[in-house]
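Just the heavy atoms: all of them, side chains too, but no hydrogens, waters or symmetry mates, feed the values below.
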Amino acid sequence: MRHKLQQRLQEAVDELCSRSLLPADSQPEIKVERTRDPAHGDFATNLALVLAKAAGQRPRDLAEAIIGALPATPDIERVEVAGPGFINFHLAPGAYHQVVEQVLTAGDDYGRSDLGGGRPVQVEFVSANPTGPLHVGHGRGAAYGATVADLLAAVGYRVHREYYVNDAGRQMDILATSVWLRYLELAGETLSFPSNGYQGDYVWDIAATVHRNRGDAWRHPAAEVFADIPADAPEGDKEAHIDALIDRARTLLGAEPYREIFDLALNSILANIRQDLHAFGVDYDEWFSERSLTESGAVQQALDRLQAAGHLYEKNGALWFRSSDFGDEKDRVVVRDNGQTTYFASDIAYHMNKLERGYDRVIDVWGADHHGYVPRVKAALRALGDDPDRLDVLLVQFAILYRGGERVQMSTRSGEFVTLRELRQEVGRDAARFFYVMRKCEQHLDFDLDLAKSQSADNPVYYIQYAHARIASVMNQLAERGLSWDRAEGAAHLHLLHESHETGLMVAISRYPEVVEAAALLHEPHQLAHYLRELANQFHTYYNAHQFLVEEAGLRNARLNLIAAVRQVIANGLGLLGVSAPDSM
RNA sequence: GCGCCCGUAGCUCAGCUGGAUAGAGCGUUGGCCUCCGGAGCCAAAGGUCAGAGGUUCGAAUCCUCUCGGGCGCGCCA
C-alpha cells in the first residue's frame, strides 16, 4: 500500500513538472509514512513541505496542487492537507479487508518479498575461537547474526552464513598444550598447570580421549617437560612461561603427534560449538578455516599484492602495512620479526577472499570490543583496490546476565563462565533467542535470567506465544461446539468487521511486511520483536472485548478469518526470530 | 590523552534515519471471569528526552561543546 501511494505521488510530481508548476529537476525521495494519530488518516507524506522552497510556493498551496494531480485510486477514500502542509491519506474501509485474504492465501510466505532480487550476501557471525565452549557472550552474536541472516533471506537476498574458524595461531597452541599437560596428569605425572592455560573441564575430557587412544605413548616426565622453562606468574611472566611450554610440547612430541593433539582438540570443540548452535536454531552454510588461508597461499598472495602496490615496509625486522594512508590511526604489523604472519594478515586475505567470491554485500557481526579493528580491515580493502563500503561491520554490545537482581560474573580464566548451553537449559531456546534480539545491537543488554524463565505476564516471549496459543484454542473450541471455520464465508463477510479493534488489527497485519523489510535492511531485528509484542497486545485486547464464536455465521467466520490471519503473522514473525509458535502451552 | 558506542518515566527500553499532543513493559494505585485459556484486559499517576548553544517551517532525532557511563587503543587472536 505504501509503495502504491509512493507511485501515485511520483506520478503527481511528474505531472506538475511537465506543467512547469515544479522545477523540472525536482525529484525528491518521496516518503510515505504511517501516521501515529488515526485522526491524520492512515498514511501521510511531507512531500509538499520538502518541495515548497524549491518550488517557491507555500507548502499548503503546493500540497493542494499535488492532490489535484493525484491519479484516482479506489483504495483511497479521501486525501487532505493538514498542519503545515502534510498530505494525509484516508483509506477506504475495504482497503484493509483484502489484507486478511492476502495473509491467509500467502500463509508462511506472508511478509516475504523479493526486494533483494536474489543478490548474494554473506553474513559471518560468532566465529569464536575454538578454544572452549560458547558462552553467553557469544549467544547474542549468534542470535543476532542468525536473525539478520534470516531476515535478509526473507526479503529476497541469497544469504550465505559463515563461521570463521580461528584454527591457527597462538590461542590454539595454548589449547593443544593445555590438553597435553592434562594428558600427562592423567598418565600419572604431577605438575603445576600454567596459569595462562585453559582450565575448563572440557580440556580434561579431551585429554582423556588422547589417553584412551594413545595410552602412555606420549608421556614424558614432568621434570623433563618443565626443565629450564621460565617461571610462571606471579614470580615470572605467564606469557613467556606458556610460550616456552608450547615449544617444549612441539619438541618432545614431534610434529605429527603434536598435530594430532591439536586437531583432536580443535575438532572436538568445534563439534561441540556446532552442536550448541544447532540446538540454538543457528546453522551455517560454511565453516571457513583460517589455516586454509595460509596453506593455500592466500595470505602470501594478499601480502604480495600489498607489496606490489607499495603499501608495505620494513621496520625493526617486521613487515608493516601502511594502513595510516587509508584512514587507520597507525600502521600495522603483518609479518612479525620471527617470520610469522599476524592474525591481521590472515584477516586481510580472508576479507579479500570474501569480496572475490562475488557477494554484493559482506556483513561481519563482531563483539563491540573489536570496534578498533574495523578501520584497519577497511584500510586493507581500500589498499587492495576493493570498495570498503561493500563490507558492513555490525558491532554487538555485551550482554550482562542478572540472576536474582545480581550481576552474574563471568570469567573464562577460572572456567566458571556461563555457557550458552547452560543458558539454553535454564531459560529455554525460545526465551534466549528472543531476549538476545529484543534490544538494538549497539545497546547494552541486561539479560534477566529470572524474567526469561518466568512463565508470566512480564515475559514478552510467553505473552506473544500465548496470543498464538489462544487463537489455536479458539479453533479447538469451535470444533468442540460442533462448528467449523468456513474461510470463504468469512471472506465474504469481512465488511462486518468494523469494530475499532478489528480495523486496528487489520492495520497491524498490513504493516508486517514493512516491519520485516525495515528490520532486514537496517539489520534491526528488535523492530520485529517489538512489533510482535504490539500485535499480541492488540489481539489480547480484542479477545477481551469481543466474542469470536458468535451465533451469526457470517460475522463468526469473518472474525475467524481475521484471527487466523493474526495467528499466521505471529507464527511467521516468531519463526524469523528463531522462536517457536506453539498451539498450546 | 585519542577513537567508537550509549545517556528518553522509579527500573528495563521503543521512538519507523527531521514531522503533528514523546510511547510500551515492569513496578505503584484502582477496576474486569455464570462468557472462546486471567500466562489476559481496562483505567490512573509518572517526563526540563543528561546539560548548553546552533542548523530550519519543525529537533529526542542533525552539528559543536560540556558532564556522566561502557569499550577499545599489542610484532594477542
**Q** Between A:M438 and A:Y466, which residue's closest nucleotide on RNA chain B lies nearer the 5′ terminus?
**A**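 Result: A:M438.
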**Q** Would you call A:R559 and A:E502 a salt bridge, taking side-chain N to carboxylate O under 4.0 Å as the test?
**A**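 Yes, A:R559 and A:E502 are salt-bridged.
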**Q** Distance check needed: B:rG25 C1' versus A:R533 CZ, whole Å only.
**A**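 A:R533 atom CZ is separated from B:rG25 atom C1' by 6 Å.
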**Q** In plain terms, say whether A:R376 and A:D347 are close enough for a salt bridge, that is, a side-chain N and a carboxylate O under 4.0 Å apart.
**A** no
**Q** Under a 4.0 Å N-O cut-off, is there an ion pair linking A:E162 with A:K354?
**A**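 A salt bridge is absent here (no side-chain N lies under 4.0 Å from a carboxylate O).
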**Q** Would you mind reading off the distance between A:F435 atom CZ and B:rG25 atom C1', rounded to a whole angstrom?
**A** 11 Å
**Q** Salt bridge check, A:R170 against A:E239: does any charged N sit closer than 4.0 Å to a carboxylate O?
**A** yes
**Q** Which heavy atom in A:R332 sits nearest to a heavy atom in A:S323, and how many Å separate them?
**A**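 Result for this residue pair: CG-OG, 3.5 Å.
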**Q** Taking 5.5 Å and 30° as the limits, would you call A:Y463 and the base of B:rA39 a stacked pair?
**A** no
**Q** Show me, pair by pair, the donor-acceptor contacts under 3.5 angstrom made by side chains of residues 58-66 of chain A, not counting sequence neighbours?
**A**
unit_1 : atom_1 : unit_2 : atom_2 : d
A:R58  : NE     : A:D61  : OD2    : 3.2
A:R58  : NH2    : A:D61  : OD2    : 3.2
A:R60  : NH1    : A:G83  : O      : 2.6

**Q** When the distance from NE2 of A:H40 to P of B:rC16 is rounded to whole Å, what number comes out?
**A**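 Answer to the nearest Å: 17 Å.
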**Q** Considering every strand and a 4.0 Å limit on heavy-atom distances, what is the contact class for A:H540: base, sugar-phosphate, or nothing?
**A**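 A:H540: backbone/sugar contact only, no base atoms under 4.0 Å.
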**Q** Mind telling me whether B:rC33 is syn or anti, cutoff 90° either side of 0?
**A** syn
**Q** What contact category does A:S584 fall into here, base, sugar-phosphate, or nothing, at under 4.0 angstrom with non-hydrogen atoms?
**A** base
**Q** When you measure from the side-chain N and O atoms of A:K440 to the phosphate of B:rG15, is any distance below 4.0 Å, counting only OP1 and OP2?
**A** yes
**Q** Are any of A:H526's side-chain N or O atoms less than 4.0 Å away from OP1 or OP2 of B:rG15?
**A**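 Result: yes.
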**Q** Whole Å only: how far is the CG atom of A:D328 from the P atom of B:rC4?
**A** 13 Å
**Q** Classify every nucleotide of nucleotides 31-36 of chain B by which part a protein heavy atom approaches to under 4.0 Å, writing B for the base, S for the sugar-phosphate alone and - for neither, in 5'-to-3' order.
**A** ----BB
**Q** Report the distance from atom CZ of A:R439 to atom C1' of B:rG70, rounded to the nearest whole Å.
**A** 17 Å
**Q** Measuring only the P atom in each nucleotide, how far is B:rU48 from B:rA9? A whole number of Å is fine.
**A** 9 Å
**Q** How does protein reach along nucleotides 71-77 of chain B, written 5' to 3' as B (base within reach of a heavy atom under 4.0 Å), S (only sugar-phosphate), or - (no contact)?
**A** BSSSBSB
**Q** Sequence neighbours excluded, which residues qualify as ring-ring contact (aromatic ring centres under 6.0 Å, His included) partners of A:F89?
**A**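 Partners of A:F89 under the ring-ring contact (aromatic ring centres under 6.0 Å, His included) test: none.
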**Q** Identify whether any heavy atom of A:L395 sits under 4.0 Å from a base atom; if not, whether one sits that close to sugar-phosphate; answer base, sugar-phosphate or nothing.
**A**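 It contacts nothing in the nucleic acid.
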**Q** Write down the distance between CD1 (A:I87) and P (B:rC57), rounded to a whole number of angstrom.
**A**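 Rounding to the nearest Å, CD1 of A:I87 and P of B:rC57 are 19 Å apart.
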**Q** Just distance, no hydrogens or angles: give the donor-acceptor pairs under 3.5 Å from side chains in residues 522-529 of chain A, sequence neighbours left out.
**A**
unit_1 : atom_1 : unit_2 : atom_2 : d
A:E524 : OE1    : A:Q527 : NE2    : 2.8

**Q** With a non-hydrogen cut-off below 4.0 angstrom, is A:A467 in contact with a base, only sugar-phosphate, or nothing?
**A**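 Result for A:A467 = nothing.
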**Q** Answer yes or no: is there a donor N or O on one side and an acceptor on the other, between the side chain of A:D331 and the main chain of A:S324, under 3.5 Å?
**A** yes
**Q** How is A:N88 classified with respect to the nucleic acid when contacts are heavy atoms under 4.0 Å: base, sugar-phosphate, or nothing?
**A** base
**Q** Taking only Watson-Crick and G-U wobble pairs with both distances under 3.5 Å, what dot-bracket line describes RNA chain B, where [ ] shows pairs that cross earlier ones and | shows pairs with another strand?
**A** (((((((..((((.....[...)))).(((((.......))))).....(((((..]....))))))))))))....
